[in-house]
Amino acid sequence: MQPRAGSTMGAGRIKRPATVRVWDPFVRIFHWSVVMLFAVAWASEHRQAIHQPAGYLVLALVGLRIIWGFIGPRHARFADFVRSPGGVLAYALALLAGRAPRILGHNPLGGVMVLLLMAMLIATGTSGWLMTTDAFRAIEWIEDLHEALASLTLALVGVHVLSVLAMSLLHGEHLVRAMITGRKRASG
C-alpha cells in the first residue's frame with residue numbers, strides 16, 4: 001500500500017509536501033487586479049474620469065499577461081493550458097461522464113475561458129478607446145458595441161465563477177484559495 005501525500009513515510013524518508021506552487025505572483029496579481037478594475041469600470045460607466053483609466057489599465061494588464069503566457073513559469077504559459085478543439089471536446093465529454101481528471105494548472109475548458117475572457121477584455125477596451133477618438137466619438141453603434149461587449153464579458157465572468165465553484169466541488173479543492181495563495185494540493 002502506497003503512503004498518501006503528506007503522510008509520514010518512515011524513518012529516513014522525506015515527507016512529500018501537501019501542496020505545490022501552481023500560480024505565480026504575477027498571475028495572481030493579474031487575476032485579482034483585473035477582477036477589481038473590471039468591477040470599477042462597470043460601476044463607473046457614467047464617470048469617465050474613473051471608467052477610462054480602469055479600462056486602460058485592464059488593457060495594459062491583458063497585454064502583460066499575453067507576454068507572460070509565453071515567458072512565464074510553466075502553469076502561466078499558454079502551452080500548458082491551451083488545447084486543440086479535439087482536446088477540449090474530449091475533456092468536456094469526460095467531465096459530462098464524471099471522468100474528468102484533475103489537472104494541476106488550468107484544465108482545457110479553463111484554458112478556453114482564459115482565452116475568451118482575455119479576448120473579450122481586449123474587444124471591450126478597444127471599443128471603449130475608439131469612442132474617445134475623433135473618428136468614432138459620435139458613432140452610436142460603437143457605444144452599443146462597447147456596452148454589449150461589456151455585458152457579454154460580465155456573463156462570461158459569471159460562467160467562470162460558477163465553473164470554478166463546480167470544479168472545486170468535483171475535485172475537492174478550494175480553487176479560489178489557490179488563486180490567492182498560489183498553491184494547490186500536490187496529488188489526488
Side-chain angles (χ1 to χ4, degrees), residues 4-7 14-44 50-51 53-83 88 91-92 94-95 98 100-125 149-188:
R4 290 155 60 104
S7 65
I14 298 172
K15 184 177 173 180
R16 292 190 316 181
T19 63
V20 293
R21 179 164 303 280
V22 176
W23 308 122
D24 64 274
F26 177 81
V27 166
R28 297 186 336 256
I29 290 167
F30 163 80
H31 180 272
W32 296 112
S33 295
V34 168
V35 167
M36 180 195 67
L37 289 166
F38 185 79
V40 166
W42 183 268
S44 66
I50 297 170
H51 184 81
Y56 293 145
L57 284 171
V58 167
L59 282 174
L61 285 170
V62 171
L64 290 172
R65 179 61 182 95
I66 290 170
I67 293 167
W68 201 243
F70 293 102
I71 67 169
R74 175 183 173 193
H75 296 297
R77 290 182 186 231
F78 297 124
D80 188 63
F81 61 84
V82 175
R83 299 287 175 255
V88 173
Y91 186 84
L95 182 62
R102 174 183 178 261
I103 295 175
L104 200 53
H106 286 298
N107 67 48
L109 289 171
V112 169
M113 183 57 76
V114 169
L115 296 178
L116 281 173
L117 284 168
M118 288 196 320
M120 291 306 300
L121 291 168
I122 291 168
T124 304
L149 290 168
S151 295
L152 183 54
T153 303
L154 188 60
L156 285 174
V157 167
V159 171
H160 171 62
V161 169
L162 290 174
S163 299
V164 165
L165 295 174
M167 295 308 288
S168 291
L169 289 172
L170 180 67
H171 293 298
E173 69 186 336
H174 197 309
L175 294 177
V176 174
R177 180 174 48 224
M179 190 51 74
I180 294 169
T181 66
R183 303 189 74 80
K184 289 177 83 175
R185 198 174 70 245
S187 65

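Hydrogens, waters and symmetry mates play no part in the numbers below; they use all other heavy atoms, side chains included.
- Atoms CD1 and OH, on Ile103 and Tyr91 in that order, are 5.0 Å from each other to the nearest 0.5 Å.
- Between the side chain of Arg185 and the backbone N or O of Gly172, at least one donor-acceptor pair lies under 3.5 Å.
- Contact between His75 and Gly105 at its shortest, heavy atoms only, is ND1-CA, 3.7 Å.
- The distance from atom CE of Met179 to atom NE2 of His31, rounded to the nearest 0.5 Å, is 5.0 Å.
- Side-chain N or O atoms of Lys184 include none that pairs as donor or acceptor with a backbone N or O of Ala178 at under 3.5 Å.
- With sequence neighbours left out, Arg77 forms a salt bridge (Lys or Arg N to Asp or Glu O under 4.0 Å) with no residue at all.
- Leu59 places none of its side-chain heavy atoms less than 4.5 Å from the side chain of Leu121.
- The shortest side-chain heavy-atom distance between Met120 and Leu149 falls under the 4.5 Å cut-off.
- One distance of note links CZ of Arg177 with OG1 of Thr19; it measures 10.0 Å at 0.5 Å rounding.
- Nearest heavy atoms, Val40 versus Ala54: CG1-CB, 4.0 Å.
- Taken from CG in Leu61 to CD1 in Ile66, the straight-line distance is 11.5 Å, to the nearest 0.5 Å.
- Surrounding CZ of Arg74 are at most 12 heavy atoms belonging to other residues, nucleotides or ligands under 6.0 Å away.
- Between His106 and Trp23, the angle of the ring planes lies from 30° to 60°, which puts this pair in the tilted group.
- Between atom OG1 of residue Thr153 and atom CE of residue Met118 there is a gap of 13.0 Å, rounded to the nearest 0.5 Å.
- Judged by distance alone, the side chain of Arg83 and the main-chain N or O of Asp80 form a donor-acceptor pair under 3.5 Å.
- Of the inter-residue distances, the one linking Leu37 atom CG with Ile50 atom CD1 reads 12.0 Å to the nearest 0.5 angstrom.
- Summarising the geometry of Ala150 relative to Thr124, their closest heavy-atom pair is N-OG1, 3.7 Å, with the distance given to 0.1 Å.
- Across Ser168 and Leu175, no two heavy atoms sit closer than the pair OG-N, 3.2 Å.
- At a threshold of 4.5 Å between non-hydrogen side-chain atoms, the residues Leu117 and Val34 do not count as touching.
- For residues 58-67, no residue pair satisfies the salt bridge (charged side-chain N to carboxylate O under 4.0 Å, His left out) rule, not counting sequence neighbours.
- Looking only at side-chain heavy atoms (C-beta outward), Phe30 and Leu64 stay at 4.5 Å or farther from each other.
- Phe78 and Phe81 have perpendicular rings, their planes meeting at more than 60° on a 0 to 90° scale where under 30° would count as parallel.
- Residues Leu95 and Leu170 have side chains in contact (heavy-atom distance under 4.5 Å, counting atoms from C-beta outward).
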